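These figures come from a predicted structure and were not determined experimentally. All ligand and atom numbering here is 1-based and tracks the order in the structure. Just so it is clear, the values below take in all heavy atoms, side chains as well, and ignore hydrogens, waters and symmetry mates.
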Amino acid sequence: MMSRAGMFRVSEGIAVDMSNRVYKLPSFHDVLEGEIFLQNLPSIVTAHALDPQKGERILDMCAAPGGKTTAIAMLMKDEEEVVAVDRSHNKVLVIQKLAAEMGLNCITAFKLDALKAVWQRNDSDITTDLCCSEEIDGVTIQSSDLLGSHVEKNSSIIMEGMSAEKSGKESVSNEKANERTYVSKADIRKNIRRIRNGSGRNQCNGGRVQNSKGFSPNSFDRVLLDAPCSALGLRPRLFAGEDTIESLRNHAKYQRRMFDQAVQLARPGGIIVYSTCTINPGENEALVRYALDRYTFLSLVPQHPRIGGPGLVGHCEFPDGYIEEWLRPGEEELVQRFDPSSPHDTIGFFIAKFIVGPKDAQFGKSCASS
Ligand SMILES: C[S@@+](CC[C@H](N)C(=O)[O-])C[C@H]1O[C@@H](n2cnc3c(N)ncnc32)[C@H](O)[C@@H]1O
């Protein structure tokens with residue numbers, strides 16, 4: 001059988017015209033644009049499991065095309081801030097377009113490699129207190145410029161660590177309030193949009209994508225890591241069998257590195273939700289085991305709503321001797337595993353929700369050296 005990508009490269013072949021619908025649901029393509037956006041049930045459950053609260057700052061680490069980002073923004077009633085990042089320039093445009101179509105203003109989308117999502121400040125960084133900049137017509141405007149100071153000619157777009165660092169619920173910007181007039185980053189962003197778009201228009205950037213250098217540790221209340229994965233839960237699946245044990249393990253390694261970043265970015269007391277659309281336990285239960293064993297200040301917490309089934313307890317021993325550890329008894333009911341063969345008839349999916357306890361000093365040191 002030919003791969004989907006292969007189909008577009010050949011000039012002849014046999015195609016199958018699907019004339020019978022599998023589902024009775026009519027197509028919503030281009031219908032009620034901006035009003036509805038169809039999503040798989042587990043995707044919507046993921047946004048609810050994250051449970052964003054009023055006043056919080058949320059990070060969606062692998063956000064494109066923006067289905068969960070927009071669901072989160074709606075749960076937040078389009079208030080506060082949802083930061084959506086993806087490593088692909090074009091996909092960030094897709095997030096912006098979706099947010100604009102849906103009239104959601106609280107979403108800020110950036111191009112950023114989630115493996116480098118924690119801002120590593122170095123000497124060459126521009127040390128502005130309000131550290132954001134944006135290109136408008138080939139000119140980079142530092143955030144402070146929007147308050148009336150200098151404009152710097154520069155063809156690159158740089159978004160530096162966006163956030164004021166938070167410790168618990170306290171924002172560093174509040175601590176600095178006595179030193180200078182504080183202007184919130186939300187206000188700065190609104191100003192940028194107003195200058196560029198005129199008032200009243202939403203955040204469609206007209207083809208421009210902001211790069212981010214990453215974010216300060218502990219700067220988000222909740223982090224969603226909807227990780228790139230082997231996608232073994234997607235249905236219908238015409239092509240199967242291309243994955244090898246090695247490729248599946250590579251996915252797992254990649255996801256752990258991203259999770260390491262998520263742990264640094266979520267503040268103590270904050271929440272991390274990890275999800276995938278695969279049924280491979282190596283990318284699901286084994287990630288949870290890694291997370292709980294490596295970061296002793298993380299704990300699994302119950303999710304609402306709970307529609308998926310329990311996770312897998314135990315371990316798997318591979319022919320090469322590798323032992324993959326899954327959940328321990330008692331942990332299985334705290335995650336959601338969506339089985340595509342279950343009566344819910346969903347795609348295969350997995351959701352785990354962690355609460356971040358106090359991070360010990362040792363954690364800070366090992367992060368700095370890693
Ligand atoms: C499972 S999809 C996310 C789906 C999205 N959360 C939604 O609900 O619409 C995974 C995304 O991760 C992005 N991605 C892969 N590697 C990445 C990286 N290193 N940094 C940031 N994004 C990455 C891909 O471009 C892809 O858009």
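Looking only at distances, a side-chain donor or acceptor of Glu283 sits under 3.5 Å from a matching main-chain atom of Ser230.
For a heavy-atom separation below 4.0 Å, the residues in contact with ligand 1 are Met61, Cys62, Ala63, Ala64, Pro65, Gly66, Gly67, Lys68, Asp86, Arg87, Lys91, Leu112, Asp113, Ala114, Asp226, Ala227, Pro228, Tyr254, Met258.
Using a cut-off of 4.0 Å between Lys/Arg side-chain N and Asp/Glu carboxylate O, Glu331 and Arg289 are scored as salt-bridged. The existence of a salt bridge linking Asp60 and Arg222 is excluded, since no basic side-chain nitrogen approaches an acidic carboxylate oxygen closer than 4.0 Å.
Both the sub-6.0 Å distance and the 45° axial angle are satisfied by Arg249 relative to the ring of Phe318. Phe220 carries Arg57 over the face of its six-membered ring, with the cationic atom under 6.0 Å from the centre and within 45° of the normal.
Aromatic ring pairs are classed by plane angle as parallel below 30°, tilted from 30° to 60° and perpendicular above 60°; the pair Tyr295 and Phe259 is tilted.
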